[in-house]
Amino acid sequence: MIKDSQARIVHKESWKDYYLFSLESSKIANKAQPGQFIMVRVTSEPYPLLRRPLSIHSKDGNHIEIFFQIAGLGTSLLSDKTTDDALDILGPLGKGFGIGQNLKGKEAVLVGGGRGIAPLYFLARQLRSLKSSAKIFYGGKTLDDLPLKEKLETNGFETYCSTDDGSFGYKGFVSDLLKAELDRLTPAFLFACGPEPMMKKISEMARVKNIPAEFSLESFMGCGFGACWGCVKRIKKGDEEEWIKICEEGPVFSGEEIIWQEEK
Ligand SMILES: Cc1cc2nc3c(=O)[nH]c(=O)nc-3n(C[C@H](O)[C@H](O)[C@H](O)COP(=O)(O)OP(=O)(O)OC[C@H]3O[C@@H](n4cnc5c(N)ncnc54)[C@H](O)[C@@H]3O)c2cc1C
Ligand code: FES
């Protein structure tokens, strides 16, 4: 884990309540893998004290990108930062997606719901470097929740969009769009990040079709590196269940390991 208290924002873009920052942080960029995250200090003031976890959206040379949606005070304060401000960050943290040579030349489907698209762009680029084709499913409540649509397309990724209200693409949940396309696409691997009900449905589809799948989970995180026990979750390990810390053992888990919440 590297602490960089001078990660300079070299580029900022925004779309309503979504933000993309490019940060100069050579040591973290050097080690970052898709699915890993950083912990960001959102202010130099004493409150809020706790850093916020954000996925590494991509890396290029000495830079990493983060892409986030305003969810509360922390992300709102972060959104006020401007080019040339320096952020205090820790990373890269956690275990990322288990991409390996077994995916070489194969087709993978990546499903991002809302801000859950954040870690998948980095993954898609990594898959491309393995000569694996990544098709991206990107869902949001409305068109405003798909700010990265053009970026994905411009970078040559086949992108399938959905909106709950039908303002763009398929009308309905991205998991329903995936279900409709899954017979035709027959991917060798599925990866997803987004709201838990979305990932739960995708996990079930993957199980039925016998497609290995990995999911990036969210949790409240106090430290991000195993010290505070703020992110514990019960998961399956073979026939047993055990408590793990999402920040250390995850945030990425296979579908078989996750004990999904019952829907209320
Ligand atoms: C490993 C990891 C990677 C993440 N990557 C990204 C990313 O790339 N982009 C992005 O936009 N967000 C990401 N998140 C979520 C992000 O960390 C939270 O939105 C952020 O911490 C909220 O902080 P806040 O101070 O703005 O909001 P708060 O004021 O703390 O909370 C606002 C609302 O969000 C809920 N909330 C807060 N934190 C979480 C959480 N971790 N999970 C579920 N609900 C939460 C609260 O219940 C509340 O309703 C990630 C979370 C994790 C654990
Ligand atoms: S966030 Fe502190 S132990 Fe996981």
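Numbering of ligands and ligand atoms starts at 1, following listing order. Throughout, residue positions are numbered sequentially from 1 according to the sequence presented.
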Handout entry: 2.8 Å cut-off met by an N, O or S atom of Cys223 to atom 2 (Fe) of ligand 2
Key = yes
Exercise for the section: Using 2.8 Å as a strict upper limit, say whether an N, O or S atom of Cys247 approaches atom 2 (Fe) of ligand 2 that closely. Expected result: no
Exercise for the section: May I ask you to check whether over 12 heavy atoms, not counting those of Lys171, lie within 6.0 Å of atom NZ? Expected result: no
Exercise for the section: Using a 4.0 Å heavy-atom threshold (strictly under), name the region of Ser219 that reaches ligand 2: side chain, backbone, both or neither. Expected result: neither
Practice task
Heavy-atom contacts with Thr75 under 4.0 Å: which atoms of ligand 1 show up? List them by number with element.
Solution key: 24 (P), 25 (O), 26 (O)
Exercise for the section: For Tyr160, check ring-ring contact (aromatic ring centres under 6.0 Å, His included) against everything at least two apart and list the hits. Expected result: Phe137
Problem - Which segment of His57 sits under 4.0 Å of ligand 1 when only heavy atoms are counted - result: neither
Exercise for the section: Look only at interatomic distance and state if Ala118 has a nitrogen or oxygen under 3.5 Å from any nitrogen or oxygen of ligand 1. Expected result: no
Exercise for the section: For ligand 1, find out whether one of its N or O atoms is nearer than 3.5 Å to an N or O atom of Gly72. Expected result: yes
Exercise for the section: Using a strict cut-off of less than 4.0 Å between a Lys/Arg side-chain nitrogen and an Asp/Glu carboxylate oxygen, indicate whether Asp176 and Lys201 qualify as a salt bridge. Expected result: no
Exercise for the section: Please determine if Lys151 and Glu13 form a salt bridge, counting it only when a charged side-chain N lies under 4.0 Å from a carboxylate O. Expected result: no
Exercise for the section: Indicate whether the side chain of Tyr18 and that of Asp144 have a donor and an acceptor atom separated by less than 3.5 Å. Expected result: no
